[in-house]
> 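Dropping the structure in here first, questions after.
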Amino acid sequence: MDDAHLEEDLEDKDTEFTWEVKANDRAYHKQFRKKGFLCWRQKKYKSNAIHTAKYNVFSFLPLNLYEQFRRVSNLYFLFIIILQSIPEISTLPWFTLFAPLVCLLMIRAARDLVDDIGRHRSDRIINNRPCQILKGKSFLWKKWKNLCVGDVVCLSKDNIVPADLLLLASTEPSSLCYLETADIDGETNLKFRQALMVTHHELTSPKKMASFQGIVTCEEPNSRMHHFVGSLEWNSRKYPLDIGNLLLRGCKIRNTDTCYGLVIYAGLDTKIMKNCGKIHLKRTKLDLMMNKLVILIFMSLVIASMFLTLGFAFMVKEFKAKHHYMSSMQGRTDAMDSFFIFWGFLILLSVMVPMAMFIIAEFIYLGNSIFINWDLSMYYEPLDIPAKARSTSLNDHLGQVQYIFSDKTGTLTQNIMTFKKCCINGCTYDSDDEHGTLRKRNPYSWNPFADGKLQFYNKELESLVRGKQDRAVQEFWRLLAICHTVMVQEKDNQLLYQAASPDEEALVAAARNFGYVFLSRTQDTITLVELGEERVYQVLAMMDFNSVRKRMSVLVRNPEGSICLYTKGADTVILERLHHKGVMEATTEEVLAAFAEQTLRTLCLAYKDVAEDAYKEWEPEHQEAALLLQNRAQALHQVYNKLEQNLQLLGVTAIEDKLQDGVPETIRCLKKGNIKMWVLTGDKPETAVNIGFACQLLSENMSILEDKDIKGLLENYWDENEHQRAFQTMTHHNMALVINGEFLDQLLLSLRKEPRALVQNAVVDEATQEPGVSALDFLQARRISQMWRNFGTTMATSQSDASKTRESPEERRERAFVDLASKCQAVICCRVTPKQKALVVALVKKYQQVVTLAIGDGANDVNMIKTADIGVGLAGQEGMQAVQNSDYVLAQFCYLQRLLLVHGRWSYMRICKFLRYFFYKTVASMMAQIWFSLFNGFSAQPLYEGWFLALFNLLYSTLPVLYIGLFEQDVTAEKSLKMPELYTAGQKDELFNYSIFVQAIAHGTITSLINFFVTILVSYDMTKTGSSPDYQSFGVLVAISSLLSITLEVILVVKYWTLLFVGTVVVSLSSYVIFTSLTESLLLFRISPKTFPFLFADYNVIREPSSLLVIVLNVTLNTLPMLAVRIIRRTVLKRHPKKEEEVPSEELTVEPAMRLRRGMPARRSSYAFSHHEGYANLITQGTILRRHTHVDEFYGDTACNSPNPSEEDVPWQHKESIFNPRKISILAKKRRQHYGKGSQGEVHPNASSQTTEKQTAINIDNHETKKLPTTTSAMSGQLQVSSSEDQAFYSALSQYSLASRPERMDVRSSSWKGPLLRDSASSRSSHLEVTTQLHSHTSS
């Protein structure tokens, strides 16, 4: 980036950090205003009330009418009504068109109103949620909408965070606060945030919080969910803030009794609301096409009226020349007469755009929506959730979808990890209980600690475990019970595990059910119950997961005094560290490959015995590396790696991330229907890729391009020297993209609304972390070069050079990316924010012009659902936000297959047939008015009886058309699912397009020509025989011929014949007979001759045999030729079928060196690759242990003086910690009697003398606090050192006492690193003392 850009970034950055928040001072924030609409100035700091509805009481009528009249058809009808209200040119009363238009507007307005009332109801529920706000010197219960920026809020366990808060303090040690962010990023594993040490130590009472006058300066409200920069100024000191100090709105407080926060952003300024987007009016492709067709028809009518007016002008001159005496009776000039005739013709021909078509279409949309609601095949009985069409105007769009954008967690997966299989010492153990019959009898009843939830059971393995003869089996389960960072607590006499990821919990739970029960841990011990025997292991070192290590190790001293290292991790890092590779190791590798084929998430387990001398030699190196102020992470990595060598392989675990039922089959079927699937998730890349393989979105022979590969391709996209080598031939290659949110930040610059500095600074920060070009980068570049050689062809682009030059560099880059992605079979976007999801959808819509569908189940999917052409919400476990903002509601992802391939295709086919036939029948009957003008002196006299015109679209031809729109089927639902290829007709607009429209107009014109001119010729011959047909009889002949011709056409068009269809035809023709008899009766003629002038006209025509022959002749000439054309066309198409588009070959052979695909080991060990760092540092440093200090005393009697409105609403009272490891040990001793054994694992009293005591402290100013270090994600295959790790660990350890207060062992994943601190501990002592010493550390 050049200097100019850097200066611009710095200026933007300086001007961006202008958001000031002063604690406990509402008056300070109310004085600020910002520019609004025109001269209106609005409050800068918004209240916490949210308004997601589209309308309010005052805006509904004008805004809804504005949206209604954006439809060209409504403007057209309004224009015709205005013309009809002018008496001089009116041919029909103005109210005849006004009443139907009002009816149409009211139907659509009522539909919009019902949808918006639901949004208002949802907003009201959210805004009225209770929370505790600091008022004076106590916390009072108020509603969310009463919150303001600068307020101090008290939250309790299981509360939802009401606004974006700066964490001030909590009841947890070191003011940690644990969160569940499922509604933000879809992840159910818990995360933690931490308050500044200064607020943690100082704000220890309500009085101190009330007097807190700190000022927070930070960035303006924006949508970057994982980014926050600011500072706290308090007592003339400044303290840095980052995202690790912020609680975001929508998160749920977990495992934290009480926490306190300062409101930074409220209401619509919060990050989650900035990501929600606005509600847009969604229009279908057919709806937009109808707008263009209405304009086209209107222009055609204007031209036809002009020609007819010219004819009138010539005729009137000739008429006046012959009949000069008539001129005196006319008070108008010829020009004025022509002017009025022009408008008269325009009104007369206005029926060519029939109002009835739009009204009937609304009923068709409503009917098809009801069919979706009634479909029992999409009813999910376990949760009693049927499918629901919340929008009734998008049904035909369901039949034209080309791109599906899906969330992962909760949409494709159930986010339930199950222990599926394992391999121990080369032997594979599968479950003997696939159908769950044994689980009903509880096969683990011998184990009092078994939770009964494990779905895995193998009788042979159980006998080996209980026999205690196979050491490999014992060490396998012991490793799973020891090597983890899971925390445990007791509730209702049951052990509850809290893990950094669901995988960890599944592994520890499996060991628990097999008798190796993790009971408790302290700062340097871990307690197990092994088959009824309680054993305490001393933890000497804990080496946690990270993205570079891809493994975790725990070094422990067992009760017998020997030292053992337990390691688990990815097979790529474990297998290369083995002592030797024999038959068992080779067998295990084959098992790993087999597990990967089954898309299971695998981990390799290994261990080794460590000699005492080796440990004493290694331990000082470890301590020295832990105390480094610079490059600490690198040093620790080297020390860990030195110990983790010469391992002995134990086996492999296989975890299944359970998909929703039918997901692979649904995706496979949708892909056959030419629907591309993109997965947009906030989860980690490896996890998403593994799910991609599990649901068969990705396949083994796919080439997977990642961020660096894509950057290389995009750089060459517009390179003229490379002859614009591009992606046209990529359609012949099976490829997929896997990208992350950081890449999208650089890509989506033209679509983002945030200041450019935020995005570009993020790019600069990332660039500074990357080292120089490594050998891996060189090989990657070489592979890309080779790939260009394979794929290189001259790009056939649709844009001209002129259009390319008009595009900005950002737009050209975006277009290149979309072109590349459109050639791939699948795209997976990982680590994306809710707004990035919406921007990806908008990007595809912008450059591809395709119909998009977004499906999700959480609040993080709302923006994506709103942005897509069709939004589908799953009624899942992440709340109802997605459902409330969706167009369609489903209970399971698999129902999407039926929604699109059956209901969507039927709706599209029905509405297309309906439109084609309606245009045909309108032209066939009404075009005769133009032909009649050639014979009536261009006088704009109507051909038909007025009542025929009024009732034609209402009764005489409506029911068959309505049947087409509601019940027509070309194939059954079962065949639609078996032949998804039929769905491509909607994607290609084959059933209704401009060509089909022209064909319908031409067909209708031919029909009208036959009906009119054949009748004219026959009538001319009939005059020679003596009979003289009058004007009324002629009009009736043409009307009957037209009605029978279009009725016979609908009989031929409909493919799904039922008794209902026969009934519609009979009722339509019968209604013509009945109402014509009434309107032409003598009684009504006597009452109003002008209104009912056609006296006995139909009767006079029908009684003449010659007239009947004319009708038969007209119908025959209209039907037989068209029938012959269709038969011939179908025969020709069968003999010469269309050439199908070439499908990407899955068997394509590419040189292995050139394949850009993720290796099998990475996939099968995706858990180890994607695992967050656990709680190792928090555990070993003692940060997680509760302290009995004045802070706890304050939290114990927090001044929440107002009564709790509801025990079920927001729990607020401080509760005693329910976890106590000593209590659990007592519980274990009681339960061991079940085995009939006493404890065999007593630790010798002298064991403590063998324990290494490490006490580390760093001298700091008592009044100075430093910002907590934060980690930076490391790229796979590279070792990156966080700058924060180069800082000294700043906080002195406090006195911990487990004797005076039960421990709260409840921790979430660590986001900072520090030196490993441990105290000597006796496994038999009832309490643990950690003594703080400054400037020294002692080893014993």
> Checking side-chain polar atoms at under 3.5 Å, does Asp396 have a donor or acceptor matched by the opposite partner on Ser907?
no
> To the nearest 0.5 angstrom, please state how far the CG atom of Leu962 sits from the CD1 atom of Ile360.
6.5 Å
> Where do Lys421 and Gln598 land on the side chain to side chain donor-acceptor pair (under 3.5 Å) test, with the steps shown first?
CA-CA 11 Å; Lys421 299 179 181 181; Gln598 302 168 39; 2.5 Å; yes
> Can you sort out the partners of Arg916 under salt bridge (Lys or Arg N to Asp or Glu O under 4.0 Å), two or more places apart, ordered by chain and number?
none
> Output the distance between atom OH (Tyr847) and atom CG (Asp819), rounded to the nearest 0.5 Å.
10.0 Å
> Test of understanding: with side-chain hydrogen bond (donor to acceptor under 3.5 Å, both in side chains), list the residues that count as partners of Ser369, not counting sequence neighbours.
Asn395
> Under a 3.5 Å threshold, yes or no: a donor from one side chain and an acceptor from the other, between Gln696 and Lys671?
no
> How long is the straight-line distance from NZ of Lys285 back to CD of Gln400, given to the nearest 0.5 Å?
5.0 Å
> Quick one: list whatever passes salt bridge (Lys or Arg N to Asp or Glu O under 4.0 Å) with Arg905, sequence neighbours left out.
Asp970
> Using a 3.5 Å cut-off and no angle test, enumerate the donor-acceptor pairs between side-chain atoms of residues 375-382 and protein atoms at least two apart in sequence or in another chain.
residue: Asp375; atom: OD1; partner: Ser377; partner atom: N; Å: 2.9
residue: Asp375; atom: OD1; partner: Arg898; partner atom: NE; Å: 3.4
residue: Asp375; atom: OD2; partner: Arg898; partner atom: NE; Å: 2.5
residue: Asp375; atom: OD2; partner: His903; partner atom: NE2; Å: 2.6
residue: Tyr379; atom: OH; partner: Asp384; partner atom: OD1; Å: 2.5

> Nearest 0.5 Å, what's the CG-NZ distance between Asn863 and Lys835?
7.5 Å
> If I compare all heavy atoms of Ile404 with all of Leu670, which pair ends up nearest, and what's the gap?
CD1-CD1, 3.6 Å
> Taking only residues two or more places apart in sequence, or in another chain, which ones meet Asp112 in a side-chain hydrogen bond (donor to acceptor under 3.5 Å, both in side chains)?
Asn64
> If the plane angle is over 60° it's perpendicular, under 30° parallel, otherwise tilted; pick one for Phe405 and Tyr403.
parallel
> When rounded to the nearest 0.5 angstrom, what is the spacing between CG in Asp869 and CG in Asp887?
9.5 Å
> If you round to the nearest 0.5 Å, how far is CD of Gln455 from CZ of Phe419?
12.5 Å
> Going by side-chain contact (heavy atoms from CB on, under 4.5 Å), name the residues that satisfy it together with Arg390, two or more places apart in sequence or in a different chain.
Lys388, Ser886, Val889
